[in-house]
Amino acid sequence: MRRGGSLLSLFLASCTGVQNVLGGQGAEDTNFIRLFTVFMVVCTVMYLIVVAALVIAVWRKRTAALSVDDRKHHETSTAARRALVAWTALITVGLVGLTIASFFTDRSNAANGSRPQLSLTVTANQWWWDVEYNSPDASRTLRTANEIHLPVGVPAQVTLKSNDVIHSFWIPNLAGKQDLIPGRVTDAQLLPNKMGLFRGQCAEFCGVQHAQMALDVTVESKTDFDRWYAAQLEPARSPTNPLQLAGYRYVTTRECGSCHAIAGTPAGGQVAPDLTHFASRRSIAAGALPMNRGNLYGWVADPQSQKPGNHMPTVGLASNDLHAIVAYLEALK
Ligand SMILES: [Cu+2]
């Protein structure tokens with residue numbers, strides 16, 4: 001009984017929260033939930049009919065074996081033939097019904113993505129997400145990492161690429177999965193219909209840190225989104241005290257800047273997450289750690305013990321450099 005209770009609570013826990021296929025916060029997810037319910041009901045009814053037919057057949061066989069009456073035997077086989085015809089008709093109707101339901105779900109999903117008002121390019125890397133917001137006006141394009149902000153009710157087109165191996169883009173609360181394949185461009189459509197904080201997750205095993213390849217998703221009002229967008233377009237904040245200045249000097253002249261970019265500074269590396277507004281994000285290292293000072297110290301001092309195998313080396317920083325770098329990164333709001 002207790003085990004049943006804990007299994008039930010585990011099941012219910014998977015039905016709530018930031019990473020939930022039954023959340024229904026996106027148009028595509030809502031369509032899929034509806035289709036899932038239709039399949040579940042039809043298949044349950046079919047299953048119950050099969051079980052009932054099985055019980056009746058066993059029961060009849062027993063009574064028929066006891067009877068030596070030929071006429072009765074003939075009646076039984078006629079009834080069985082009728083049941084078989086009815087069952088075949090029911091299966092046909094059920095399968096055609098499910099096919100039609102799938103067709104309309106696909107059509108509705110295609111219609112949701114037909115007039116996108118926002119264009120993003122998400123590029124997967126072992127093990128982080130590069131996110132670009134595209135615009136015909138070059139001054140309005142922006143780059144961030146491991147996070148997506150979306151205005152509620154606005155259809156977005158997401159172009160998907162991969163720099164290394166096959167990954168899969170999946171924000172369960174909003175939509176289904178889509179693979180990101182090296183050398184090939186795929187796409188996904190997102191139409192969030194409720195505000196909230198969600199979690200995306202790579203859904204294709206892509207190496208040792210696959211599980212720690214997450215994406216913070218914020219669905220907010222158009223006003224909040226525009227405010228966030230405008231802030232992200234700004235160059236990085238300048239250091240405001242000697243400690244931050246020391247951190248700025250280290251990050252822009254030593255190892256960090258050869259991989260990471262910070263807009264408005266000499267740091268221009270393109271192979272690691274953009275850090276321009278790093279401290280405004282909710283997490284560090286693609287969702288591996290919540291954003292706070294303790295985790296930042298742990299990450300910068302020894303990224304290999306935090307997320308073994310990732311491409312950021314542990315460089316053995318002197319403690320004064322570590323304090324300075326953390327102070328500067330914390331200022332990058
Ligand atoms: Cu993965």
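As the structure lists them, so they are numbered: ligands from 1, and atoms in each ligand from 1. Small disclaimer: the values here were computed from a predicted structure and weren't measured. No hydrogens, no waters, no symmetry mates; every other heavy atom, side chains included, goes into these values.
Rounding to 10 degrees gives 120° for the angle at the Cu ion (ligand 1) between ND1 of H210 and SG of C206.
Every residue meeting the salt bridge (Lys or Arg N to Asp or Glu O under 4.0 Å) condition with D130, not counting sequence neighbours, appears here in chain and number order: R143.
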Quick one: side chains of residues 325-333, donor-acceptor pairs under 3.5 Å with protein atoms, not counting sequence neighbours, listed by atom name and distance.
unit_1: E330; atom_1: OE1; unit_2: R293; atom_2: NE; d: 3.1
unit_1: E330; atom_1: OE1; unit_2: R293; atom_2: NH2; d: 3.1
unit_1: E330; atom_1: OE2; unit_2: R293; atom_2: NE; d: 3.0

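Nearest N, O or S atom of E204 to the Cu ion (ligand 1): atom O.
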- Evaluate the side-chain hydrogen bond (donor to acceptor under 3.5 Å, both in side chains) criterion for residues Y250 and E255: first the C-alpha distance (whole Å), next the side-chain angles of each, then the deciding distance (0.1 Å), finally the verdict. CA-CA 8 Å; Y250 192 103; E255 302 88 353; 2.8 Å; yes
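Residue contact annotation: C202 places an N/O/S atom under 2.8 Å from the Cu ion (ligand 1).
No donor-acceptor distance shorter than 3.5 angstrom exists from the side chain of H149 to the backbone of V219, with no hydrogens or angles considered.
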